[in-house]
Amino acid sequence: MNDSTSTPESSTPSNFIQQIIREDLKNQKNEGGVLTRFPPEPNGYLHIGHAKSICINFGTARDFSGLCNLRFDDTNPEKEDMEYVDSIKESIRWLGFDWEDREYYASNYFDQLFDFALELIKKNKAYVCSLSQEQAREYRGTLTAPGRNSPDRNRSVEENLDLFARMKAGEFDDGAYTLRAKIDMASPNMNMRDPVLYRIRRLHHHHRTGDKWCIYPMYDYTHCISDALENITHSLCTLEFEDHRPLYDWVLDELDGVPHPQQIEFARLNINYTVMSKRKLKQLVDEKLVTGWDDPRMPTLDGMRRRGYTPASIRNFCEMVGVTKSNSVVDVGMLEHSLRDDLDKSSPRAMCVLHPLKVVIENVPEGHKEEMTLPRHPKDESMGERKISFTRTIYIDHNDFEEVPPPGFKRLIAGGEVRLRGCYVIKCEEVIKDAEGNIQELRCSYDVATLGAKPEGRKVKGVIHWVPADESIDVEVRLYDRLFSHEAPDSAEGDYRDFINPESLMVLRGCKAEPSLVNAVAEERFQFEREGYFCVDKIDSAPQQPVFNLTVGLRDTWARKQG
RNA sequence: UGGGGUGUAGCCAAGCGGUAAGGCAACGGACUCUGACUCCGUCAUGCGUAGGUUCGAAUCCUACCACCCCAGCCA
């Protein structure tokens, strides 16, 4: 295969869709071009599952030097709204894809769609049916029993034309008539049993066409024609549309002079420990089980963005997952791996003490202040440095001190030593407790000779993070965990809501952050050393008062060993 | 009991008649002023099951099994 057409970079293994397209290009199909489309219905917010589709559609086009259109599949005025088109556009842009000026709407094709319907009627391939919804269901038959022809099936072309025109003119109530394709009521494929092409929806205003129309085309009829009108070459969609393909092909075959794109189906994305259906996500929002569509625990792109996910990590994840036709459930660990992988490279380091424990270093004089310089990134010098004052009173994390340490504990213990990150080695001289025996503070000493140098004659294994007491800033930190404690909340016994992880959100107030963090801006990301990756919440932060969301924790082999 | 799909390790996934890629996870170890990162190593005599064809089968054939989707005037 030595054609001049660009092929996907070899770094990403080829998938079955790329193989089909490569074959098409070899056969000079579509004049060697590739045009795909991402076709969301503007009836809700995008989630990680849509991200896979976006990556496949835009990514496949990019891999073959083609283009991808954005098309809103807005044929059902009952559920759609402008609010959603704006949010969808924003999410796609955020993910890093650009449809340039190729923004289309199925509703822009309503006139042409209507004319094509006329063509089908004239060819005696469509008829106006008066069956009620209930009757239609009865006439349709079942999975194993064939359906029966509608009594209106042999209505004359003239009468069909007249009735369809009157449907459009608004003469009939919702549900009084439908326009149906005349195919085969005995087809083993339910979609081919004279599917509805148009329905009457007088009661709804369309978010773009207003009240111009009172009949609306159905998905099956609209999608293939929209693809054809845009000269789409490959119409990539999910598996559940597999048995709609014969209908997609039927419509285009019956129409004169329209191109015939190829529909190819792939498996949708499933991830464990979450739910992906719009119905359930909406329920979580409506029942206030989460704070909204952009709750950082939600698998929505708005939620993931607020959580601190990077667009690149989501794109890489989608690459990693691959494209196949087999239904699968991807381990959320893979998503987290992709996230950490990107964040490790791109996040400046900072120190923030989540559970402050006061430490007084007795051999540091009152008022003493020594400026420490720490790199913003251990491997990327271009990120620069930050300054932190070493003072007599500091805070360390409560979890970094144990009076009775478990075996292998290498943090601070009574009488033991530990390194303060980027600073001196300190030794715990005394543990001060209140009447109930709770640890109040630690009295320590420090070894002057250990700044940037190994201590003499002994080994100090542990390194812990810290902040100066006076100069640190108080911040709110929100610790997020998986929304569900069951890996398959959908398919488990009982209601999925019963598996909501009660610890999926823990709010910590009075955390002590190093002073450089005071100017952190919305959505800025950091690695809080030894804790995890955090980002500044864009909703609840105020100037000089950042609120941090835990994006994902650092891998923690110690915690894992502890059980 | 109809039709359309899919079965390769705990998870995702290559493989396209020539003797099971890669990633995630896990487990060892090295390194380390983050128990992080990085780096090394281990991890399918086995490809849903049973037969068959072949010198040779995850790949071809036959039968069976399991799971997913379809009976909206939703997309």
Side-chain angles (χ1 to χ4, degrees), chain A residues 13-15 19 39-41 43 73-76 78-80 129 131-133 136-138 140-147 174-180 187-193 195-201 215-216 218-220 222-223 237-246 265 267 272 278 317 319-338 340-341 344-345 349 351 374 378-379 408-411 418-423 425 450 452-454 460-465 487 527-532 553-562:
Chain A
S14 77
N15 61 54
Q19 289 183 20
E41 181 188 14
N43 68 344
D73 233 328
D74 55 351
T75 57
N76 183 358
E78 285 182 53
K79 305 181 180 174
E80 298 155 6
C129 179
L131 253 28
S132 69
Q133 213 164 147
R137 186 181 311 130
E138 189 201 319
R140 191 156 34 233
T142 68
L143 293 178
T144 49
D174 286 15
Y177 290 103
T178 55
L179 181 71
R180 296 226 260 160
S187 172
N189 182 342
M190 301 297 286
N191 297 302
M192 300 299 268
R193 319 247 262 223
V196 170
L197 266 24
Y198 270 88
R199 74 286 214 185
I200 302 172
R201 283 285 174 278
I215 56 172
Y216 291 90
M218 299 287 288
Y219 165 86
D220 284 307
T222 307
H223 204 90
C237 63
T238 43
L239 248 31
E240 66 270 28
F241 293 105
E242 233 161 354
D243 7 293
H244 291 243
R245 191 179 349 124
E265 311 83 10
N272 56 192
K278 189 167 290 173
F317 169 72
E319 285 293 334
M320 209 184 298
V321 157
V323 183
T324 68
K325 289 175 80 83
S326 63
N327 279 307
S328 56
V329 182
V330 178
D331 193 316
V332 67
M334 225 188 269
L335 215 207
E336 292 171 347
H337 165 81
S338 167
R340 290 192 185 100
D341 188 51
D344 177 56
K345 286 177 286 205
R349 313 286 125 122
M351 293 197 285
L374 283 79
K379 290 176 181 166
F409 189 79
K410 49 186 223 190
R411 283 110 97 148
V418 78
R419 158 85 61 187
L420 295 180
R421 170 118 253 226
C423 192
V425 167
T450 55
K454 299 222 184 293
V460 173
K461 274 195 190 156
V463 178
I464 63 174
H465 54 106
E487 68 173 312
Q527 183 201 92
F528 287 172
E529 293 194 272
R530 301 207 318 126
E531 294 288 359
L554 256 24
R555 261 180 100 241
D556 192 347
T557 51
W558 168 248
R560 213 185 305 136
K561 267 183 214 159
Q562 299 303 293

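The phosphate of B:G35 (OP1 or OP2) has no side-chain N or O of A:K561 nearer than 4.0 angstrom. The phosphate of B:A25 (OP1 or OP2) has no side-chain N or O of A:R340 nearer than 4.0 angstrom. Look at A:R140 and you won't find any side-chain N or O under 4.0 angstrom from OP1 or OP2 of B:G2. For A:T324 and B:A13, the shortest distance from a side-chain N or O to OP1 or OP2 is below 4.0 Å. Look at A:R349 and you won't find any side-chain N or O under 4.0 angstrom from OP1 or OP2 of B:U34. For B:C24, the OP1/OP2 oxygens have no side-chain nitrogen or oxygen of A:S338 closer than 4.0 Å. Here A:H337 reaches the OP1 or OP2 of B:C24: one of its side-chain N or O atoms lies under 4.0 Å away. For A:S328, no side-chain nitrogen or oxygen approaches OP1 or OP2 of B:U6 to under 4.0 Å. Residue A:R199 places at least one side-chain N or O closer than 4.0 Å to OP1 or OP2 of B:A75. The phosphate of B:G2 has neither OP1 nor OP2 within less than 4.0 Å of any side-chain N or O from A:T142. One finds no side-chain N or O of A:R193 lying less than 4.0 angstrom from the OP1 or OP2 phosphate oxygen of B:C70. The phosphate of B:C37 has OP1 or OP2 within less than 4.0 Å of a side-chain N or O from A:R555.
Here B:A30 sits opposite B:U38 as a Watson-Crick or G-U wobble pair (both hydrogen-bonding atom distances under 3.5 Å). Base-pair partner of B:U19: not found among the strands shown (Watson-Crick or G-U wobble, both distances under 3.5 Å). Across the strands present, B:C24 finds its partner in B:G10; the criterion is a Watson-Crick or G-U wobble pair with both atom distances under 3.5 angstrom. For B:C67, the paired base is B:G5 (Watson-Crick or G-U wobble, both distances below 3.5 Å).
Ring orientation note: the planes of A:H244 and A:F241 are nearly perpendicular, at an angle over 60° on the 30°/60° scale.
In the set B:U34, B:G72, B:G15, the nucleotide with an atom closest to the side chain of A:Q19 is B:G15. The side chain of A:Q133 sits closest to B:C73 out of B:G4, B:C73, B:A36. Set against B:C12, B:C73, B:G23, the side chain of A:V196 has B:C73 as its closest nucleotide.
Among the atoms of the strands shown, only primed sugar atoms or phosphate atoms (P, OP1, OP2) are found under 4.0 Å from some heavy atom of A:V323. Looking at heavy-atom distances under 4.0 Å, A:D243 makes contact with a base. The residue A:Y177 sits apart from the nucleic acid: no heavy atom pair falls under 4.0 Å. Residue-level contact check: A:G408 touches the bases, meaning some heavy atom is under 4.0 Å from a base atom. Among the atoms of the strands shown, base atoms are found under 4.0 Å from some heavy atom of A:S132. Heavy atoms of A:K345 sit nowhere under 4.0 angstrom from any nucleic acid atom.
With A:T450 contributing its side chain and A:V425 its backbone, the two residues share a donor-acceptor pair below 3.5 Å. With hydrogens and angles ignored, the 3.5 Å screen pairs no side-chain donor or acceptor of A:R140 with any backbone N or O of A:R193.
When rounded to the nearest whole Å, the span between CD of A:E240 and P of B:C69 equals 10 Å. One interatomic measurement links the two molecules: CG of A:D220 to C1' of B:A75, which rounds to 9 Å at whole-angstrom precision. For the pair A:N327 CG and B:C67 P, the computed distance is 13 Å after rounding to whole Å.
Glycosidic conformation, B:G72: syn, with the torsion inside 90° of 0.
Residues A:G322 and A:P188 both approach RNA chain B. Their nearest nucleotides, taken by heavy-atom distance, put A:P188 toward the 5′ side. Between A:V321 and A:G175, the residue whose closest nucleotide on RNA chain B is further toward the 5' end is A:V321.
A salt bridge does not link A:D556 to A:R560: none of the charged side-chain nitrogens sits closer than 4.0 Å to a carboxylate oxygen. Ionic pairing of A:D220 and A:R245 is not present here: no N-O contact between side-chain nitrogen and carboxylate oxygen is shorter than 4.0 angstrom. Taking the charged nitrogens against the carboxylate oxygens, A:K325 and A:E265 do have a contact shorter than 4.0 Å, which makes a salt bridge.
Between the side chain of A:R411 and the base of B:G35 there is at least one donor-acceptor pair of N/O atoms closer than 3.5 Å.
You cannot call A:Y219 stacked on the base of B:A75; the centres under 5.5 Å and planes under 30° rule is not satisfied.
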